[in-house]
Amino acid sequence: MARIRKDVRIHGLQNEVIFDATLANPGSCALIVSYSGETYVLDNIIKVLKNKNISVIVITSIGDNTLSRKAECVLRICAREKLYSKIATFSTDSAITYLLDVLYSCIFALDYDRNLNLKIETSKSIETGRFSTVDILKEEF
């Protein structure tokens, strides 16, 4: 997102998330990712954001949960992994990555030509040592 001049902040520490939600700029949009949709801290954060009239998008599992009831937009992921008795979060991670990529592509498409030109010109000036010997990957300048 930063490469198309969109300010994105990723939060992980509970105290910092609440602090940043409280100081969020008007016109911001919050994206909350929660598999269960029932995390106490995230419920408090969504309340803070809603009180500030900040739009909230939630990525969460299928089914009814607290966060999905409070968000303006809900993007669902497969709920086939148990909360604790799973080996890893393979399908959840893939689903979340896919949805984040879809969101990025939608935002990119809103001003496609400007964003594409910005990315190309920025990459040309920064990634000067990048090349390939494979014809299909070569850039035409």
Side-chain angles (χ1 to χ4, degrees), residues 1-50 52-141:
M1 289 297 223
R3 292 183 181 210
I4 59 170
R5 293 189 174 133
K6 300 295 179 193
D7 183 31
V8 173
R9 297 171 193 210
I10 300 170
H11 306 283
L13 301 174
Q14 290 181 9
N15 291 340
E16 290 300 314
V17 177
I18 295 168
F19 183 80
D20 289 335
T22 303
L23 295 177
N25 292 322
S28 295
C29 177
L31 174 63
I32 297 175
V33 180
S34 172
Y35 185 70
S36 71
E38 298 295 348
T39 307
Y40 177 74
V41 171
L42 294 178
D43 185 40
N44 286 338
I45 289 166
I46 203 168
K47 287 175 188 172
V48 169
L49 294 167
K50 301 301 287 177
K52 294 180 60 84
N53 295 318
I54 292 176
S55 297
V56 177
I57 300 169
V58 169
I59 295 177
T60 191
S61 59
I62 296 170
D64 185 43
N65 63 53
T66 301
L67 294 182
S68 65
R69 286 190 300 272
K70 295 179 179 178
E72 282 82 11
C73 177
V74 180
L75 303 174
R76 304 288 185 170
I77 57 175
C78 179
R80 300 293 297 171
E81 294 171 333
K82 300 289 185 192
L83 290 177
Y84 303 111
S85 59
K86 60 183 173 271
I87 296 170
T89 57
F90 298 119
S91 68
T92 300
D93 292 347
S94 295
I96 291 168
T97 299
Y98 172 75
L99 288 174
L100 292 174
D101 286 344
V102 168
L103 286 172
Y104 173 78
S105 68
C106 291
I107 292 168
F108 193 100
L110 290 173
D111 198 352
Y112 182 84
D113 291 332
R114 184 189 70 78
N115 289 329
L116 182 61
N117 288 332
L118 178 63
K119 282 202 40 80
I120 290 170
E121 294 306 315
T122 303
S123 293
K124 276 185 195 177
S125 67
I126 293 172
E127 300 175 25
T128 56
R130 197 169 193 200
F131 70 94
S132 176
T133 57
V134 179
D135 287 339
I136 198 167
L137 298 179
K138 291 181 181 177
E139 294 281 352
E140 300 293 327
F141 294 106

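With sequence neighbours excluded, no residue forms a salt bridge (charged side-chain N to carboxylate O under 4.0 Å, His left out) with Asp113. When the ring-ring contact (aromatic ring centres under 6.0 Å, His included) test is applied to Tyr104, the partners found at least two apart in sequence or on another chain are Phe108. In this structure Lys119 satisfies the salt bridge (charged side-chain N to carboxylate O under 4.0 Å, His left out) test with no other residue, sequence neighbours excluded. For Ser55, the side chain to side chain contact (heavy atoms under 4.5 Å, CB included) test picks out Cys29, Glu72, with sequence neighbours left out. Not counting sequence neighbours, the partners of Ile77 by the side chain to side chain contact (heavy atoms under 4.5 Å, CB included) test are Tyr35, Ile59, Thr92, Ala95, Ile96, Leu99. With sequence neighbours excluded, no residue satisfies side chain to side chain donor-acceptor pair (under 3.5 Å) with Asp101. Here Asn65 pairs with Thr60, Ser68 under the side chain to side chain donor-acceptor pair (under 3.5 Å) rule; sequence neighbours left out. Remark: Asn44 pairs with no residue by the side chain to side chain donor-acceptor pair (under 3.5 Å) rule, at least two apart or across chains.
In this structure, Asp43 and Ile46 have side chains that are in contact, with non-hydrogen atoms separated by less than 4.5 Å. Between Val56 and Lys50, the closest side-chain pair of non-hydrogen atoms falls below 4.5 Å. Looking at heavy atoms from C-beta onward, Leu42 lies out of side-chain contact with Val58 at the 4.5 angstrom threshold.
Within the structure, every pair that satisfies the side-chain hydrogen bond (donor to acceptor under 3.5 Å, both in side chains) test and touches residues 127-138, not counting sequence neighbours, is listed here: Glu127-Arg130, Asp135-Lys138.
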Pairs under 3.5 angstrom only: tabulate donor-acceptor contacts from the side chains of residues 1-9 to other protein residues two or more places apart or in another chain.
| from | atom 1 | to | atom 2 | distance (Å) |
| --- | --- | --- | --- | --- |
| Asp7 | OD2 | Arg9 | NE | 3.2 |
| Asp7 | OD2 | Arg9 | NH2 | 3.1 |

Only distances under 3.5 Å count here; give the side-chain donor-acceptor pairs of residues 18-26 to other protein atoms, sequence neighbours excluded, each with its distance to 0.1 Å.
| from | atom 1 | to | atom 2 | distance (Å) |
| --- | --- | --- | --- | --- |
| Asp20 | OD2 | His11 | ND1 | 2.9 |
| Thr22 | OG1 | Ile18 | O | 2.8 |

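The backbone N or O of Val41 sits nowhere less than 3.5 Å from a side-chain atom of Thr39 that would complete a donor-acceptor pair. One N or O on the side chain of Ser125 and one on the backbone of Thr122 form a donor-acceptor pair closer than 3.5 Å.
We find the CG-OG distance between Leu67 and Ser61 to be 10.0 Å, quoted to the nearest 0.5 Å. Put simply, CD1 on Ile45 and OH on Tyr40 are 11.0 Å apart, with the number rounded to the nearest 0.5 Å.
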